[in-house]
Amino acid sequence: MPFSLSSPYQAALPGDRSGNLASRPTPGVAWASAAPTPVKAPRALAVSPHVAALLGVDLSSLGSQEVLEMLSGNRVWPGSEPFAMAYGGHQFGGWAGQLGDGRAIVLGTHTSARGDRHELQLKGAGRTAYSRRGDGRAVLRSSLREFACSEAMHFLGVPTTRALSLVLTGDQVMRDMFYDGNAAYEPGAIVCRVAPSFVRFGHFELPRAVGDVELLRTLVDHVIDTHYPAIASRYAGEEKICAFFHEVAERTARLVVHWMRVGFVHGVLNTDNMSILGLTLDYGPYGFVEDFDAAFTPNTTDRESRRYCYGAQPHIGSWNVERLAVALQPLVTSPKPLLEGIDRFANVYDAEAMRMLASKFGFDEHRGDGDTALVSEAFDWLKRLELDFTIFFRRLASLDEKAPSVEAVEAAAYKPDLLHAEREGFAAWLERYAARLRENREDRTAVRATMNATNPRIVFRNYLAQEAIDDVMQGSTAKLDALMHALERPYDDGPAQAAFDALRPEWARVRAGCSMLSCSS
Ligand code: AMP
Ligand code: MG
């Protein structure tokens with residue numbers, strides 16, 4: 001058996017062992033047993049060799065029928081008592097009550113030979129007590145998107161949950177992709193997700209909302225003792241809780257800075273999608289910014305309010321951290337340390353974002369208002385000229401600072417005519433930018449290296465995801481494999497990356513799945 005599974009979460013927290021999969025409130029417990037519902041004909045589409053290595057499991061064993069049965073939920077691992085976790089959450093700004101793992105089932109925690117603990121979850125493995133009106137299943141398109149993007153994000157250097165496997169179930173799943181009454185069958189799939197913990201802000205909000213302070217305290221103690229051992233050993237009582245909150249606020253701020261750096265838009269930053277470890281969690285209608293617009297959201301459900309658009313993510317991160325503070329409040333006597341934790345988010349965000357922007361633009365240090373103006377005008381130009389976020393920043397490193405030319409970033413233009421029409425104004429910005437580069441004390445080669453380690457050459461664009469999905473629907477994983485291979489080194493300039501270093505093609509501007517996505521997955 002390649003996995004050795006235990007469950008510290010189940011051991012530490014009260015649960016409902018009835019095995020009842022009927023949707024219901026589960027007051028007083030943090031989890032409910034949920035055996036995966038067997039599937040017809042599981043077939044592995046992809047396995048991440050990197051996650052296999054992380055777990056310390058042999059890849060060849062992952063190809064065995066026995067393991068395939070486990071990764072599809074058809075066989076329960078010895079020692080494992082699969083369960084779904086209870087949590088609540090604020091969705092689109094309003095309290096949504098109990099939510100919980102409606103289509104994710106925890107198999108248990110695997111401890112690698114090195115002693116690292118990784119929780120294994122099957123997403124799409126069938127109904128749980130928290131499925132509400134859902135079917136507990138996931139479709140191929142959303143599963144492939146989660147599998148590939150979580151790995152891509154890892155290699156971009158962004159904290160994230162990981163994915164071990166992507167399995168087709170052989171069953172069909174009914175989905176109304178556009179919420180327009182035209183439901184259709186799609187192939188079902190299951191992703192095996194891996195993270196030290198999938199606990200969310202919403203885990204704490206639920207017991208707080210129903211006044212179950214005892215469960216709240218047990219949950220906080222468990223999470224700190226298990227996942228923040230340095231805090232557990234240094235602090236006690238209220239100090240421990242506040243140190244934990246400050247750490248979560250800080251990790252969340254750093255996470256949002258990474259998203260802003262690579263142009264990632266999560267799409268559904270509800271508090272039930274916020275990881276207590278500061279990881280990117282729950283890949284749904286996400287997207288990477290292409291023709292730059294701070295108001296860009298890939299999520300059709302959010303098209304009106306744009307609550308979760310690219311530019312709103314720092315504010316939403318802070319708002320969500322505030323919700324966590326409110327959840328923890330019954331455990332502390334004074335609100336002051338919690339308020340300081342919320343400030344910590346802002347302070348860390350501001351400092352890290354400034355550093356990140358300096359690296360993106362190739363400034364050896366931040367030199368006050370002049371730099372701030374250059375940066376903010378750059379984003380104005382990106383929007384006005386419809387320049388591609390990823391390609392623009394990558395090309396900026398090759399600008400000749402002694403003779404800057406618009407041609408250096410021309411490859412980023414979705415509308416070359418627009419660029420040429422506004423050429424003079426943009427060239428004036430480029431000239432000022434080049435002058436600033438000439439003031440750097442660090443030499444140009446070192447600055448370029450920093451820029452190229454900050455600005456990826458390629459990202460997991462939605463149209464690339466869609467092409468890989470279309471290919472799999474035709475029975476081939478060739479595109480997915482090539483894409484995953486290139487995305488293992490997104491900062492490289494090799495031929496694998498060159499193949500995906502291109503503007504989003506015109507056909508993808510309007511095609512579903514390529515620019516806009518729904519939550520229906
Ligand atoms: P999400 O929008 O994926 O973050 O999900 C929000 C909530 O809806 C979570 O409690 C999910 O477990 C639940 N959910 C989403 N899709 C399904 C589904 N197909 N079946 C059951 N529950 C679901
Ligand atoms: Mg979710």
Problem set entry | Arg394 bridged to Asp501 by N-O distance under 4.0 Å | no
Seminar exercise, completed: Correct closest heavy-atom pair for Leu419 and Ala413 would be CD2-CB, 4.0 Å
Exercise. Hey, are Thr271 and Asn320 close enough side-chain-wise for a donor-acceptor pair under 3.5 Å?
Worked result: no
Problem set entry | Modelled atom types, side-chain donor and acceptor of His90 and Glu205, under 3.5 Å | yes
Problem set entry | Whether Phe292 and Phe389 hold their rings parallel, tilted or perpendicular, with breakpoints at 30° and 60° | parallel
Exercise. Does atom NE2 of His420 have more than 12 heavy-atom neighbours from other groups under 6.0 Å away?
Worked result: yes
Problem set entry | Check against side-chain contact (heavy atoms from CB on, under 4.5 Å), Leu483 and Phe460 | CA-CA 8 Å; Leu483 194 51; Phe460 190 60; 3.5 Å; yes
For this session: Determine, step by step, whether Glu386 and Lys415 satisfy the salt bridge (charged side-chain N to carboxylate O under 4.0 Å, His left out) criterion, reporting the C-alpha distance in whole Å, the side-chain angles of both residues, the deciding distance to 0.1 Å, and the verdict.
Result: CA-CA 7 Å; Glu386 293 187 36; Lys415 298 203 174 134; 3.1 Å; yes
Exercise. For Pro82 and Ile105, which heavy atoms make the closest approach, and how far apart are they?
Worked result: CB-CG2, 3.6 Å
Exercise. Is there side-chain contact between Tyr179 and Ser518, with heavy atoms separated by less than 4.5 Å?
Worked result: yes
Exercise. Using a distance-only test with no angle check, is there a side-chain donor-acceptor pair under 3.5 angstrom linking Arg117 and Ser197?
Worked result: no
Could you go through residues 31-39 and list every donor-acceptor pair under 3.5 Å that involves a side-chain atom there, pairing it with any protein atom two or more places apart or in another chain?
{"unit_1": "Trp31", "atom_1": "NE1", "unit_2": "Leu13", "atom_2": "O", "d": "2.8"}
{"unit_1": "Trp31", "atom_1": "NE1", "unit_2": "Pro14", "atom_2": "O", "d": "3.4"}
{"unit_1": "Ser33", "atom_1": "OG", "unit_2": "Glu81", "atom_2": "OE2", "d": "3.4"}

Seminar exercise, completed: d(Arg448 CZ, Thr450 OG1) to nearest 0.5 Å is 12.0 Å
Exercise. How about Asn452 and Arg457: does a side-chain donor come under 3.5 Å of a side-chain acceptor?
Worked result: no
For this session: Please check if any side-chain donor atom of Thr226 sits under 3.5 Å from a side-chain acceptor atom of Tyr9, or the reverse.
Result: no
For this session: Say whether His203 and Arg200, considering side chains only, have a donor N or O and an acceptor N or O under 3.5 Å apart.
Result: no
Problem set entry | By side chain to side chain donor-acceptor pair (under 3.5 Å) - contacts of Asp302 (at least two apart) | Ser305
Problem set entry | Rounded distance [0.5 Å steps], CG in Leu107 versus CH2 in Trp77 | 9.5 Å
Problem set entry | Ring centre gap for Phe92 and Tyr308 strictly below 6.0 Å | yes
For this session: Determine, step by step, whether Lys123 and Asp101 satisfy the side-chain contact (heavy atoms from CB on, under 4.5 Å) criterion, reporting the C-alpha distance in whole Å, the side-chain angles of both residues, the deciding distance to 0.1 Å, and the verdict.
Result: CA-CA 9 Å; Lys123 186 166 175 180; Asp101 291 329; over 6 Å; no
For this session: With rounding to the nearest 0.5 Å, note down the distance linking CG in Leu140 to CD1 in Ile469.
Result: 6.5 Å
For this session: Mind telling me whether Phe392 and Trp429 have parallel, tilted or perpendicular rings, with 30° and 60° as the class edges?
Result: tilted
Exercise. Taking the six-membered ring for Trp, are Phe264 and Trp259 parallel (under 30°), tilted (30 to 60°) or perpendicular (over 60°)?
Worked result: tilted
Exercise. Hey, are the side chains of Tyr310 and Thr297 touching, using non-hydrogen atoms and a 4.5 Å cut-off?
Worked result: no
For this session: Can you measure from CG (Asp282) to CZ (Phe198) and round to the nearest 0.5 angstrom?
Result: 9.0 Å
Problem set entry | Reported CD1-to-CG distance for the pair Ile391 and Leu396, which is rounded to 0.5 angstrom | 13.0 Å
Exercise. Where do Asp470 and Arg511 land on the salt bridge (charged side-chain N to carboxylate O under 4.0 Å, His left out) test, with the steps shown first?
Worked result: CA-CA 13 Å; Asp470 292 344; Arg511 182 159 171 216; 2.9 Å; yes
Exercise. Quick one: which of Gln121, Glu119, His118 gives a side chain to side chain donor-acceptor pair (under 3.5 Å) with Arg193?
Worked result: Gln121
For this session: Taking the side chain as every heavy atom from C-beta outward, state whether Tyr130 and Tyr87 have any pair of such atoms under 4.5 Å apart.
Result: no
Problem set entry | Reference residue Asp388; test salt bridge (Lys or Arg N to Asp or Glu O under 4.0 Å); the match among Arg395, Arg504, Arg461 | Arg461
Exercise. At what distance, to the nearest 0.5 angstrom, does CE of Met260 lie from CD of Glu352?
Worked result: 14.5 Å
